[in-house]
Amino acid sequence: MEFTAALAFFVGTHFLPNRWHLRDRLIATLSRRVYFSIYGIVSLLVLIWLIGAAGRAPHVPLWGQAEWYRWVPVLTMPVALLLAVLGAGIAYPHTLGGRLSIPFDPERPGSAAFTRHPLLWSLALWSLAHLVANGDMAHVILFGGFALLSVGAIGVFDRRARQAVSPEEWDVIRRRTSLISLRPLANGVWLHRNRTVLLRAVTIAAGLYLLILGLHEPVIGVSPLPR
């Protein structure tokens, strides 16, 4: 019952603001910064509740758990965290976490050349990796739902971007950025321009990874490491 309530509350907080122009009205009343600050805090608290509720839900196994399954999130999370760090405040505006305060220059796309949706790919990797390591119904609903939402949101954001700019501008953006590509890592010019950002992102992601490894068992109640 708690998991169902938490799931319904999570879905409601993410979809209802887009109905009846509620989000636009709240932004006009509170200001954009205040609205998204409050929304971010509420979303984080609801997410913590939802994850905890999934752990407390009745255990209904859907597939067996081999010990090596737990290596999947352990090895995947460094990449997911790196994407999350790169996506926090990315200059490309038409994505989750994108900055709207400065114009986006497709000729100098930054990490958008690697992927224009780093936070969404990060969420997808986190979800799918934990889906493998948790084979019970509540966690399959939780992580499977997150994976579907994040992948589906990529198409939604790209569709909104096409509507927000001219066909010529979108064609340039599409050619200078990627859904996801490793080609920029072989581009010496791109690496030179973005070496400081990449180094900082790798350092922060590594620190977050070690922090999560240390706090996972005390906070979540389960060690992330295989026995």
Side-chain angles (χ1 to χ4, degrees), residues 32-33 36-37 40 43-44 47 71-130 132 146-147 149-162 164-216 224-225:
R32 188 178 190 87
R33 176 175 295 181
F36 280 105
S37 297
S43 296
L44 179 61
L47 177 61
W71 281 109
V72 176
V74 169
L75 298 177
T76 303
M77 284 307 296
V79 179
L81 288 170
L82 178 59
L83 287 170
V85 174
L86 290 172
I90 187 173
Y92 178 70
H94 308 291
T95 189
L96 183 66
R99 282 185 293 174
L100 302 174
S101 57
I102 58 174
F104 175 67
D105 181 4
E107 301 302 325
R108 300 177 73 92
S111 56
F114 177 63
T115 173
R116 56 182 177 266
H117 301 293
L119 275 177
L120 292 172
W121 284 119
S122 173
L123 180 58
L125 284 176
W126 170 76
S127 304
L128 292 172
H130 284 78
V132 173
F146 279 138
L149 282 174
S150 55
V151 174
I154 291 174
V156 172
F157 274 109
D158 276 353
R159 184 167 62 252
R160 290 177 180 174
R162 288 197 300 271
V165 301
S166 68
E168 294 76 15
E169 289 175 307
W170 172 247
D171 186 59
V172 173
I173 290 174
R174 184 181 55 80
R175 287 187 285 108
R176 294 291 187 267
T177 64
S178 302
L179 277 178
I180 191 158
S181 172
L182 297 178
R183 284 181 297 177
L185 299 179
N187 186 319
V189 174
W190 185 87
L191 286 172
H192 179 74
R193 286 178 177 174
N194 297 278
R195 63 186 185 280
T196 302
V197 172
L198 287 174
L199 181 59
R200 182 168 62 245
V202 168
T203 302
I204 294 173
L208 288 173
Y209 181 67
L210 294 175
L211 182 65
I212 290 172
L213 279 182
L215 293 179
H216 197 282
L225 299 172

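- Note on Asp158 versus Arg116: salt bridge recorded, some NZ/NE/NH1/NH2 to OD/OE distance being below 4.0 Å.
- Counting non-hydrogen atoms of other residues, nucleotides and ligands closer than 6.0 Å to CH2 of Trp170 gives a total above 12.
- Atom OG of Ser122 is separated from atom CG of Leu96 by 10.0 Å, given to the nearest 0.5 angstrom.
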Side-chain atoms of residues 76-94: list all donor-acceptor pairs with protein atoms under 3.5 Å, sequence neighbours left out, distances to 0.1 Å.
unit_1, atom_1, unit_2, atom_2, d
Thr76, OG1, Val72, O, 2.6

Exercise. Apply the test side-chain contact (heavy atoms from CB on, under 4.5 Å) to residues Leu120 and Thr95: give CA-CA distance (whole Å), side-chain angles for both, the deciding distance (0.1 Å), then the verdict.
Key: CA-CA 8 Å; Leu120 292 172; Thr95 189; 4.2 Å; yes
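- Interatomic distance, CG of Asn187 versus CG of Leu182, reported as 13.0 Å (0.5 Å rounding).
- Using a 4.5 Å heavy-atom cutoff, the side chains of Thr203 and Arg200 are not in contact.
- Among residues two or more places apart in sequence or in another chain, the side-chain contact (heavy atoms from CB on, under 4.5 Å) test is passed with Val172 by Pro106, Glu107, Arg175, Arg176.
- Partners of Ser37 according to the side-chain contact (heavy atoms from CB on, under 4.5 Å) rule, which considers only residues two or more places apart in sequence or in another chain, are Arg33.
- The closest donor-acceptor contact from the side chain of Ser178 to the backbone of Thr115 lies at 3.5 Å or more, if one exists at all.
- Within the 4.5 Å cutoff, the side chain of Phe114 has no heavy atoms near those of the Pro109 side chain.
- Crowding of Arg99 atom CZ: a count of heavy atoms from other residues, nucleotides or ligands under 6.0 Å exceeding 12.
- Taking 4.5 Å as the limit, some side-chain heavy atom of Trp190 sits within range of a side-chain heavy atom of Leu185.
- Shown are Ile180, Ile154, Leu123, Thr177; of these, the side-chain contact (heavy atoms from CB on, under 4.5 Å) with His117 is made only by Ile154.
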Self-check item: Stepwise side-chain contact (heavy atoms from CB on, under 4.5 Å) check, Arg174 with Asp171
Solution: CA-CA 5 Å; Arg174 184 181 55 80; Asp171 186 59; 2.7 Å; yes
